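As structure tokens, the structure follows; a few thoughts come after it.
Predicted, not measured: the structure shown is a model, and the values here were computed from it.
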Amino acid sequence: MNNEQLKESIHSIDSSLNITEGPQYLTINVKPEDLSKTAAMLKNNPDLSFDYLFCLTGNDLPDAYAVVYHLESSKHGHALVLKVTTTDRENPTVDTVSNLWETANFHEREVYDLVGICFNNHPDMRRIFLDEEDWVGHPLRKDYTDNNIVTR
């Protein structure tokens, strides 16, 4: 299925979705409250079957935080990007998708650790790289400062 056919197929299921076409992938932009429903539809609909989450990243944008999911269907061979943003800079949260794609478990922990986005209902929401007791802050945030940097 090419991108145009994929877009038509997704819109036939949910015409309210905001889908844009990038140079390689279609991108679906969803609100945080619609993430779980949209992700489940993408995975469980037999015409779509996005069964493989191959990348999950967190971004600190100028006025929001974003989580970007790259999904692929091993059955149909198509791929797309699912993107959710939150403007809550004090307590950025989105729902987990680890209940749909097991690999999200570690990716979401990495995003939490480095960017500070918390995933609601995650089974093990704790740091994965940095020491819980010694590390303060999230180093991939634009406002992060490391007071331990030694300059010469």
Side-chain angles (χ1 to χ4, degrees), residues 3-4 6-7 10-11 13-45 48 50-74 78-152:
N3 279 352
E4 190 56 40
L6 182 58
K7 186 176 182 178
I10 294 168
H11 269 152
I13 299 163
D14 186 344
S15 62
S16 70
L17 290 174
N18 175 8
I19 304 173
T20 58
E21 189 160 356
Q24 185 173 5
Y25 301 114
L26 293 179
T27 299
I28 301 175
N29 294 288
V30 296
K31 297 176 185 172
E33 59 269 18
D34 296 331
L35 176 62
S36 295
K37 176 187 75 148
T38 303
M41 178 271 295
L42 292 171
K43 181 177 182 188
N44 298 326
N45 184 289
L48 303 175
F50 285 100
D51 58 342
Y52 179 43
L53 170 67
F54 66 90
C55 186
L56 186 159
T57 57
N59 296 313
D60 183 354
L61 305 172
D63 58 350
Y65 289 105
V67 182
V68 181
Y69 309 82
H70 284 79
L71 305 172
E72 186 173 328
S73 170
S74 60
H78 49 244
L80 64 71
V81 172
L82 179 63
K83 183 177 179 181
V84 60
T85 58
T86 177
T87 56
D88 185 347
R89 302 225 25 112
E90 296 301 313
N91 186 29
T93 60
V94 298
D95 290 337
T96 187
V97 296
S98 64
N99 56 317
L100 297 170
W101 298 285
E102 182 60 34
T103 188
N105 186 316
F106 292 104
H107 290 295
E108 289 175 350
R109 286 182 58 196
E110 178 181 17
V111 169
Y112 167 69
D113 197 4
L114 300 176
V115 184
I117 300 169
C118 191
F119 293 85
N120 301 322
N121 300 313
H122 189 281
D124 188 13
M125 187 83 307
R126 61 188 165 97
R127 291 187 183 270
I128 194 167
F129 296 119
L130 306 173
D131 189 358
E132 280 284 349
E133 297 175 15
D134 297 335
W135 201 277
V136 176
H138 306 280
L140 294 184
R141 283 191 177 184
K142 291 186 169 132
D143 60 357
Y144 177 77
T145 56
D146 185 354
N147 296 327
N148 298 317
I149 294 177
V150 177
T151 57
R152 296 175 190 224

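- No donor-acceptor pair closer than 3.5 Å links the side chain of Arg141 to the backbone N or O of Asp60.
- Using a distance-only test at 3.5 Å, with no hydrogens or angles considered, a donor-acceptor pair links the side chain of Asp88 to the main chain of Glu90.
- The environment of Lys7 atom NZ is dense: over 12 non-hydrogen atoms of other residues, nucleotides or ligands sit within 6.0 angstrom.
- For Asn3, there are no side chain to side chain donor-acceptor pair (under 3.5 Å) partners at least two apart in sequence or on another chain.
- The aromatic rings of Tyr144 and Trp135 lie parallel to each other, their planes meeting at an angle below 30°, with 60° marking the opposite boundary.
- Taking CG of Leu35 as the start and CG of Asn120 as the end, the distance is 10.0 Å to the nearest 0.5 Å.
- Every residue meeting the salt bridge (Lys or Arg N to Asp or Glu O under 4.0 Å) condition with Arg109, not counting sequence neighbours, appears here in chain and number order: Asp124.
- Side-chain atoms of His11 come within 3.5 Å of backbone atoms of Leu17 as a donor-acceptor pair (strictly under, hydrogens ignored).
- With hydrogens and angles ignored, the 3.5 Å screen pairs a side-chain donor or acceptor of Lys43 with a backbone N or O of Leu100.
- Looking at Leu56 and Val67, their side chains come closer than 4.5 Å, going by heavy atoms from C-beta outward.
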What verdict does the side-chain hydrogen bond (donor to acceptor under 3.5 Å, both in side chains) test give for Asp95 and Ser36, after you've listed the backbone C-alpha separation in whole Å, the side-chain angles of each residue and the deciding distance to 0.1 Å? CA-CA 7 Å; Asp95 290 337; Ser36 295; 3.2 Å; yes
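- In this view, His138 and Tyr112 satisfy the ring-ring contact (aromatic ring centres under 6.0 Å, His included) rule, not counting sequence neighbours.
- Using a 4.5 Å cut-off on side-chain heavy atoms (C-beta onward), Val94 and Phe119 make contact.
- Side chains of Ser74 and Asp51: a donor-acceptor N/O pair is present below 3.5 angstrom, by distance only.
- Under 3.5 Å, the side chains of Asp14 and Ser16 contain a donor-acceptor pair of N or O atoms.
- Summarising the geometry, atom CG belonging to Leu42 is positioned 5.5 Å from atom CG belonging to Leu80; distances are rounded to the nearest 0.5 Å.
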